[in-house]
Amino acid sequence: MTVRTRFAPSPTGFLHVGGARTALFNWLFARKHGGQFILRIEDTDEKRNTAEANQVIFDGLNWLGLDWDEGPDKGGDYGPYRQSERNAIYEKHLAVLEAGGHVYEDEGSIRFRSPRKTVLVEDMVCGRIEFDMSNPATHPDMTIRRPDGSWIFHFVNVVDDIEMKLTHVIRGEDHLSNTPKHIELYNALGATPPKFGHIPLILNHEGKKLSKRDGGSSITYFMDLGYTPEAVINYLCLLGWSPGENRERLDVAEIRELFDLEHINRRNAIFDLDKCFWLNGQHILAMSLERFVQLAKPFVDKAGIPYGTEVALLPALAIVKPKVKHLSDVPDWIGFLFTEDFAMDAEAVEKSLKKPGATARLRALSEAFATVTDWTHASLETTLKATATVLGIKTGEMVHPARVALSGRSVGPGLYEMIEVLGKDRTLARLERAKSLAAE
RNA sequence: GGCGCCUUCGUCUAGGGGUUAGGACACAGCCCUCUCAAGGCUGGUGCACGGGUUCGAAUCCCGUAGGCGCUGCCA
């Protein structure tokens, strides 16, 4: 039997991190077992069904790297993959329920008549749970169709899962209490229920369900701020799941290999942006320069940094890669390398250049650098340190004014690396220019 | 209210009868150091509570409390 899982979001114009994690777990499960991952859009509420809202889902999943085998944009053997286009299928299944005497009309809507028995849910995450459905007062018959003919989630969801031959349904724990009702529906439709796995919810810092208002509740937030997909995937999978052995930074390939439903715990998790942020830095540090360029370049382009060719951009990105935590910070970190019109931070100028002797130091450094033929960070370091020694000052007393003179600020990439990237001409010119700002 | 699920540092978690209860983020201090990071070291804070069972409970059982979810003609 081929494993078939799905992600079935409603197009709200927003891809929630909880939804993204549900998608991730389904994707991981399918990929791990050599199965298929299906994308189905649950747009029974047609008001929400806009092209933009659909696109947000596609973009988010694509960004995360969660590819699907069947879906509205891809087709497949069990389409259409939008509920708004599956009306005939629902009618057909409703007829089956009618024929079996499982439904009745109630003020224009259609309700499913519960068999009123105990339903056993055997959940891959939660274990065996019995639900006593015998009391109509506490478990009323669910509505499956509104008087206006539109369908209710429970019904279409089950019908689609049957029709699309899904074998495993991994979803949020908010559906655990709905599951016995869904199983009743499967039975009435003569279908075998899939295996269910209910994963814990993601909560905000107040312990409430993460809402749109909470920072980091939307995948767009991570895309815009310059998180890497690898870090977000990593963080999301660590919420409610652990591979053991104190592993923290994992790449997707490792996660695909290690992931299993057995190690999903059952308690809800509070979303911690701090840790996600840390993980992002870890992934940036660990990734190849090629990957970093691929991820950072759009941010640099968007900021309009005049780097010219990609060949010129590469060394700049290389020296900030170990420092940067958000890709959106990259333009700010490399901007001074591509313009002579960079801002001079007043505080930094005050602290490092307005010091007695600063001019002499810059002059000495400038003269020393002028003789350097091997313009590499290693020999630049040697030269700078030797110059400081000659002047009888500590390395730092030379480094700080130089950094401000060359970049306009007191923090940045490694000084020698940035001088190397700057090149001899620009370095000497900037040192010269800074003398006018420096104290005698 | 009813039903279901859950409860290990502030947060994410490991641990499922004998552990000095481990790791990570965050926080503090120190080291390294050209800044900022990274890295290294150190530190504090935790088994919700009450009863059992047991020689021994964070771990098993019962209860209580708290949290979350469902109880929609939302998904």
Side-chain angles (χ1 to χ4, degrees), chain A residues 8-12 16 19 42-45 48 83 106-111 121 123 125-127 129-133 135 137-140 142-148 150-154 156-157 171-181 198 200-203 205-209 235 238-249 263 265-279 281-282 284-286 320-325 333 348 351-352 381 384-385 388 394-404 407 409-419:
Chain A
S10 178
T12 58
H16 192 273
E42 304 221 330
D43 56 352
T44 53
D45 183 350
R48 294 173 167 182
Q83 290 187 331
D106 177 24
E107 293 181 11
S109 60
I110 303 207
R111 285 182 187 272
V121 175
D123 193 276
V125 176
C126 305
I129 303 163
E130 280 193 354
F131 290 87
D132 179 2
M133 308 295 281
N135 187 353
T138 56
H139 295 90
M142 66 178 147
T143 304
I144 62 171
R145 190 176 206 179
R146 302 186 188 87
D148 68 1
S150 60
W151 306 97
I152 301 297
F153 156 78
H154 302 290
V156 291
N157 184 268
R171 54 177 19 171
E173 200 196 84
D174 47 344
H175 286 303
L176 185 57
S177 298
N178 290 147
T179 304
K181 295 190 289 194
H198 288 90
L201 267 20
I202 298 179
L203 311 176
H205 275 289
E206 278 71 54
K208 307 288 181 196
K209 219 169 162 177
Y235 181 70
L238 251 22
L239 236 34
W241 175 80
S242 164
E245 298 174 346
N246 296 330
R247 307 268 255 120
E248 299 289 342
R249 202 196 83 225
H263 286 87
N265 65 39
R266 302 180 61 181
R267 46 186 303 217
N268 293 162
I270 290 172
F271 194 93
D272 181 20
L273 214 42
D274 280 339
K275 184 148 183 179
C276 190
F277 178 75
W278 171 79
L279 227 27
Q282 292 290 308
I284 288 175
L285 209 52
V320 300
K321 179 172 172 283
K323 309 279 184 172
V324 154
K325 291 294 195 65
W333 274 76
K351 207 175 160 196
S352 299
E381 177 169 0
L384 182 143
K385 284 182 173 168
K394 285 188 279 190
T395 305
E397 293 176 283
M398 182 63 94
V399 163
H400 298 305
R403 174 181 292 285
V404 176
S407 71
R409 50 177 70 187
S410 56
V411 300
L415 180 68
Y416 312 114
E417 286 78 6
M418 83 190 207
I419 295 174

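In what follows, chains carry the letters A, B, and so on, assigned in the order in which the sequence lines appear, proteins first and then strands, with residues in each chain numbered from 1.
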* In whole angstrom, what separates I202(A)'s CD1 from U11(B)'s C1'? -> 14 Å

* Which base, if any, makes a Watson-Crick or G-U wobble pair with U7(B), both distances under 3.5 Å? -> A65(B)

* Structure fact -> Atom CD of E130(A) and atom P of C5(B) are separated, to the nearest Å, by 10 Å

* Length of the line joining L279(A):CG and U13(B):C1', which is rounded to integer Å -> 13 Å

* To do: Return the value, rounded to whole Å, for the distance between atom CZ of R267(A) and atom C1' of C12(B).
  => 9 Å

* To do: Determine: side-chain N/O of K208(A) to OP1/OP2 of G67(B), distance under 4.0 Å, yes or no.
  => no

* Inter-nucleotide P distance (A58(B), C5(B)), Å rounded -> 25 Å

* For residues T179(A) and I129(A), determine if any side-chain heavy atom of one lies less than 4.5 Å from a side-chain heavy atom of the other. => no

* Hey, does the side chain of T143(A) come within less than 4.0 Å of G72(B)'s phosphate (OP1/OP2), counting only N and O? -> no

* Asked: Taking atom P of A26(B) as reference, at what distance in whole Å does atom NE2 of H205(A) sit?
  -> 13 Å

* So what does K394(A) touch, heavy atoms closer than 4.0 Å: a base, only the sugar-phosphate, or nothing? -> nothing

* Look at all strands and tell whether P200(A) reaches a base, only sugar-phosphate, or nothing, counting heavy atoms closer than 4.0 Å. => nothing

* **Check ion pair E173(A)-R266(A) (N to O, under 4.0 angstrom)** => no

* Asked: When all nucleic acid strands are considered with a 4.0 Å heavy-atom cut-off, which category describes G412(A): base, sugar-phosphate, or nothing?
  -> base

* P gap between G16(B) and U54(B), integer Å -> 23 Å

* Asked: Atom CE of M142(A) and atom C1' of C73(B): how far apart are they, to the nearest Å?
  -> 13 Å

* Roughly how far, to the nearest 0.5 Å, is CD of E42(A) from CH2 of W151(A)? -> 14.5 Å

* To do: Classify the nucleic acid contact of Q282(A) as base, sugar-phosphate or nothing, counting any heavy atom under 4.0 Å across all strands shown.
  => sugar-phosphate

* N or O in side chain of R247(A) less than 4.0 angstrom from A24(B) OP1/OP2 -> no

* Identify the nucleotide, in any strand shown, that forms a Watson-Crick or G-U wobble pair with C70(B), with both distances under 3.5 Å; if there is none, say none. => G2(B)

* R403(A) side chain near U35(B) phosphate (N/O to OP1/OP2, under 4.0 Å) -> no

* OP1 or OP2 of C36(B) less than 4.0 angstrom from a side-chain nitrogen or oxygen of R409(A), does that happen here? -> no

* Structure fact -> Pairing partner of U53(B), by Watson-Crick or G-U wobble and under 3.5 Å for both distances, is none

* May I have the step-by-step check of side-chain contact (heavy atoms from CB on, under 4.5 Å) for K325(A) and I284(A), ending in yes or no? => CA-CA 7 Å; K325(A) 291 294 195 65; I284(A) 288 175; 5.9 Å; no

* Structure fact -> Pairing partner of A14(B), by Watson-Crick or G-U wobble and under 3.5 Å for both distances, is none

* Distance-only donor-acceptor test, E248(A) side-chain atoms vs G23(B) base atoms, 3.5 Å -> yes

* Asked: Which part of the nucleic acid, if any, lies within reach of F277(A) when heavy atoms closer than 4.0 Å are counted: base, sugar-phosphate only, or nothing?
  -> nothing

* **Sugar-phosphate, base or nothing in reach of N178(A), heavy atoms under 4.0 Å** => base

* Distance test, side-chain N/O of T138(A) to OP1/OP2 of G2(B), below 4.0 Å -> no

* Would you classify H154(A) as touching base, sugar-phosphate or nothing, given that sugar-phosphate means primed atoms plus P, OP1 and OP2, and contacts are heavy atoms under 4.0 Å? => base

* Asked: So does K351(A) reach the base of U35(B) with its side chain, donor to acceptor, closer than 3.5 Å?
  -> no

* Between N265(A) and U13(B), is there a side-chain N or O to OP1/OP2 distance below 4.0 Å? -> yes

* Is any side-chain nitrogen or oxygen of R249(A) closer than 4.0 Å to OP1 or OP2 of A24(B)? -> no

* How long is the line joining CG of D132(A) and P of G4(B), in whole Å? -> 9 Å

* To do: Go ahead and name the base partner of G39(B); Watson-Crick or wobble counts if both distances stay under 3.5 Å, otherwise write none.
  => C31(B)

* **Nearest-nucleotide 5' precedence on RNA chain B, G240(A) against W333(A)** => G240(A)

